[in-house]
Amino acid sequence: MARRSSSSSSSGAWRYLNPAYYLKRPKRLALLFFVFVAATFAFWDRQSLVSEYESEISRLENEINQLHGQLRKAGVHLDENPTSDEMSRKDLVEIDPINIDRREKVKDAMLHAWNSYVKYAWGMDELQPRSKNGVNSFGGLGATLVDSLDTLYIMGLKDEFRKARDWVAESLRFDKDYDASVFETTIRVVGGLLSAYDMSGDKVFLDKAKDIADRLLPAWDSTSGIPYNSINLVHGRAHNFGWTNGDSILADSGTEQLEFIALSQRTGDPKYQLKAENVIRQLQKIYPSDGLLPIYINPQSGTASYSTITFGAMGDSFYEYLLKVWIQGNKTESVKHYREMWETSMEGLISLTRRTTPSNYSYICEKNGGSLSDKMDELACFAPGMLALGASGYGPEKAKQIMNLAEELARTCYNFYQTTPTKLAGENYYFHEGQDMNVGTSWNILRPETVESLMYLWRLTGNKTYQDWGWDIFQAFEKNSRIESGYVGLKDVNSGEKDDKMQSFFLAETLKYLYLLFSPPSVISLDEWVFNTEAHPLRIVPVHGSKGDSTDTKTPVVSLGRKQGKQG
């Protein structure tokens, strides 16, 4: 058959696009309709097949990850992880209808918590949901509002974020005759404002962060440079709490470095970084061979006082920040001493680790003098995530050991929740000889540490078991803590008796980490952001050059417990 020329073929084709061609030919119109219907059914059938195919891929990947987890527990380690390709895992998370549904439910929880705060406690520090009023637990600094800024932004709640931003610009004032906790104000307010600035680029947040940080700075004016832990925001008078006998708290003194380094980077003023990093230099002088410091430090002499050693309350976030400042500093030579101190401390953590006899749960003891106490705070459940985050900095064999320990401790922390009638964890646990775990202090104040570790472990291993564990914990919060006017903690995880406080960190941390647990790893990528201890992501400023001697910022390079919470 003779081949038509391209011009005649083109002109002939156009007639099929002319409606008049079909209107004059009813049979052809019917045929066209038939073809259209058939094509439509074929399209939807294809979509159904694609959906089934994607679901099957997700199911198979989950099975593979579970098998890898079982192999690791049995001591068998494969050289390649089929889920280590971030883009592949990202795509699978994006299309996984289970993850989509879960994070939407977490987002709904955030909206419920936020709208309750707006309705009953707007501008105040925290909501009392049962009383339906607000309370200023932190001197009236708008703790819940500032703590929630980046969570609202991450979840795409634009209207809510704008309303909160306007309150910060118009109503947030720090000239208050109030003795503020340097630690709590730094991690919640300075950290929350800096994170909001990093995400939105709105300078109002940076200006406010600088204002409050300037009011905190006199706290570092001790003989040693170890900060006092409380300061009056108007008069600048700094002091320590009476119950510490004049000593500074380890976690409180070692948990300002991320925020103050970030503030120096963003303002170009090195004074914040110099004050915070000097603390680590002072602690280096007294650093023990096992890397375990007592929780009390004398701010005049810079020496440790005889006191408890713990990865729980008043010790925890000091160790966390050693690792995270190293990450924030792009793991360069100028921050190498942070990593070295952290690795020393992790050997100390390993020396405190014990196992139960019935179910082989790993736990971290506390140390008093030469004796160990078989007690572990839920606060210490940040440690599995910290270990997982730091594992890649070791050689292959040590990295496996550290990651295995992270997974074992995460299993223990998850079972802190599963072993109570409410499926919510108590504040701390005791491990008696021949027994697994027993609740000590039985309240739950909506803490985030376990879900924080689950988020890190899922992202770093690809094992969906950690997502399922997080979902179990979220459902327990929904069942026991959600009421018509917000979320409350429990006075007793055994009876389910409720308290009357919605902690600001529930919005800042617990819900944010749950949302990220069901989101693609590209959402607040661990390669680009580092979380402070209140879960406020701070952008990592990239470095240039092989030695990392200059930063992509106007800031000059300066050489060099986590929240205790309040029971409602």
With E378, which of T441, N444, T450, N428 fulfils side-chain hydrogen bond (donor to acceptor under 3.5 Å, both in side chains)? T450
Do [Y] and [X] meet the salt-bridge criterion of a basic N to acidic O distance under 4.0 Å?
X	Y	result
R354	D374	no
R447	E452	no
K163	D159	no
D211	R215	yes
E256	K275	no

When rounded to the nearest 0.5 angstrom, what distance separates [atom1] in [X] from [atom2] in [Y]?
X	Y	atom1	atom2	answer
F382	S453	CZ	OG	8.0 Å
E184	S230	CD	OG	11.5 Å
F311	T353	CZ	OG1	8.5 Å
L152	E160	CG	CD	6.5 Å
I327	L322	CD1	CG	11.5 Å
D499	W443	CG	CH2	10.0 Å

Any side-chain heavy atom of [X] within less than 4.5 Å of one from [Y]?
X	Y	result
L292	S351	yes
D198	P537	no
Q503	S137	no
D252	M314	no
N229	S181	no
Y228	R237	no
I226	V279	yes

Check step by step if salt bridge (Lys or Arg N to Asp or Glu O under 4.0 Å) holds for K208 and D202. CA-CA 11 Å; K208 293 290 184 179; D202 193 327; over 6 Å; no
Compare every heavy atom of E534 with every heavy atom of S504, then report the nearest pair and how far apart it is.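 Closest approach of S504 to E534: OG-OE2, 3.9 Å.
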Measure the acute angle between the ring planes of F241 and W243, then classify it against the limits of 30° and 60° as parallel, tilted or perpendicular.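 It falls in the parallel class, under 30°.
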Can you label the angle between the Y456 ring and the F531 ring as parallel, tilted or perpendicular, going by 30° and 60°? perpendicular
Taking the six-membered ring where the residue is Trp, are the ring centres of F260 and W220 under 6.0 Å apart?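 When the ring centroids of F260 and W220 are compared, they turn out to be within the sub-6.0 Å range.
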Centroid-centroid distance, F416 to Y429, less than 6.0 Å: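 Centroid distance F416-Y429: below 6.0 Å, so yes.
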Any donor and acceptor pair, going by atom type alone, linking the side chain of R165 with main-chain N or O of F161 inside 3.5 Å?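 The answer is no, because no donor-acceptor pair under 3.5 Å joins these two groups.
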